[in-house]
Amino acid sequence: MAASIAACSNHTSNATASGGQSSPAASSAPAVPTAPHVETVAEAGTYFYGKLDRPLSTKKNKNGNNFTLVETTSKPFSLAGSEIDGHLTGVQSAGPNRTAKMTLVFDDIRLFDGTKAPVDVELLSSATLSPKTPQADIAVPARTLLELRFKSTARATESQ
């Protein structure tokens with residue numbers, strides 16, 4: 001049996017709707033909704049290199065524990081100083097007939113200026129996250145360098 005580590009993105013729709021209506025007598029001009037300002041944070045295909053801010057392991061961590069990847073040398077340079085926040089799911093320590101498992105879920109990117117956007121990324125450096133033997137727990141030291149690639153464009157939306 002081999003240990004398993006996986007990664008995924010947290011896709012949740014943050015769409016909201018407003019269903020307010022006004023009577024025709026209250027206003028002669030129809031209300032014009034304000035369009036949200038959309039800022040592209042990272043294009044699909046962009047690579048992100050970041051170091052883990054804390055150690056992760058199937059022995060000590062639990063589902064829901066948070067982690068952050070601190071940017072090191074990403075291109076474009078507009079990502080300099082950014083961080084990707086995530087959390088763990090599916091954490092299972094190794095046992096007599098049990099393989100260690102852990103899924104890293106990447107949620108949002110935070111730019112140096114405070115802009116935040118949900119991400120859809122894939123983990124490319126999973127080989128560095130493998131245990132030494134098939135029945136060992138997974139242990140990833142703090143400051144481990146991880147390589148991610150954006151699968152779709154990350155966009156931040158601000159209401160004006």
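Numbering starts at 1 and runs along the sequence shown.
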* Going by heavy atoms in the side chains, are L52 and L69 under 4.5 Å from each other? -> yes
* Straight-line distance of L79 CG to T72 OG1, nearest 0.5 Å -> 11.0 Å
* From K51 NZ over to T144 OG1, what is the distance, rounded to the nearest 0.5 angstrom? -> 9.5 Å
* **side chain to side chain contact (heavy atoms under 4.5 Å, CB included) partners of K60, counting only residues at least two apart** => S57
* Structure fact -> Residues V41 and A117: closest non-hydrogen pair is CG2-CB, 3.9 Å
* Can you see which heavy atom on D137 is nearest to which on A100, and at what distance? => CA-CB, 4.0 Å
* Asked: Which heavy-atom pair separates E71 from A80 by the least distance, and what is that distance?
  -> OE1-CA, 3.5 Å
* Indicate the atoms forming the closest heavy-atom contact of H87 with G64, along with that distance. => CB-O, 4.1 Å
* Between atom OG1 of T89 and atom NZ of K62, what is the distance when rounded to the nearest 0.5 Å? -> 14.5 Å
* Side-chain contact test, heavy atoms from C-beta onward, threshold under 4.5 Å: evaluate it for V140 versus L104 and give yes or no. => no
* **Distance in Å, T68 OG1 paired with E83 CD, rounded so as to fall on 0.5 Å steps** => 5.5 Å
* Asked: Hey, are the side chains of F48 and V121 touching, using non-hydrogen atoms and a 4.5 Å cut-off?
  -> no
* Structure fact -> Here the pair of heavy atoms bringing S93 nearest to T58 is CB-O, 3.3 Å
* **For Q92, side-chain hydrogen bond (donor to acceptor under 3.5 Å, both in side chains) partners two or more places apart** => none
* Measure from the side-chain N and O atoms of N65 to the backbone N and O of L88, and report whether any donor-acceptor pair falls under 3.5 Å. => no
* Listed by chain and number, what are the side-chain hydrogen bond (donor to acceptor under 3.5 Å, both in side chains) partners of R54, not counting sequence neighbours? -> none
* **side-chain hydrogen bond (donor to acceptor under 3.5 Å, both in side chains) partners for T40, two or more places apart** => none
* With rounding to the nearest 0.5 Å, note down the distance linking CD1 in I84 to CG in D53. => 12.5 Å
* To do: Using the test side-chain hydrogen bond (donor to acceptor under 3.5 Å, both in side chains), find all partners of N63 that sit at least two apart in sequence or belong to another chain.
  => none
* Asked: What distance separates I109 CD1 from F150 CZ, expressed to the nearest 0.5 Å?
  -> 4.0 Å
* To do: Could you tell me which residues satisfy side chain to side chain contact (heavy atoms under 4.5 Å, CB included) with R149, sequence neighbours excluded, listed by chain and number?
  => Y47, E122, L124
* Work out which heavy atom in N61 is nearest to a heavy atom in P55; give both atom names and the distance. => OD1-O, 3.7 Å
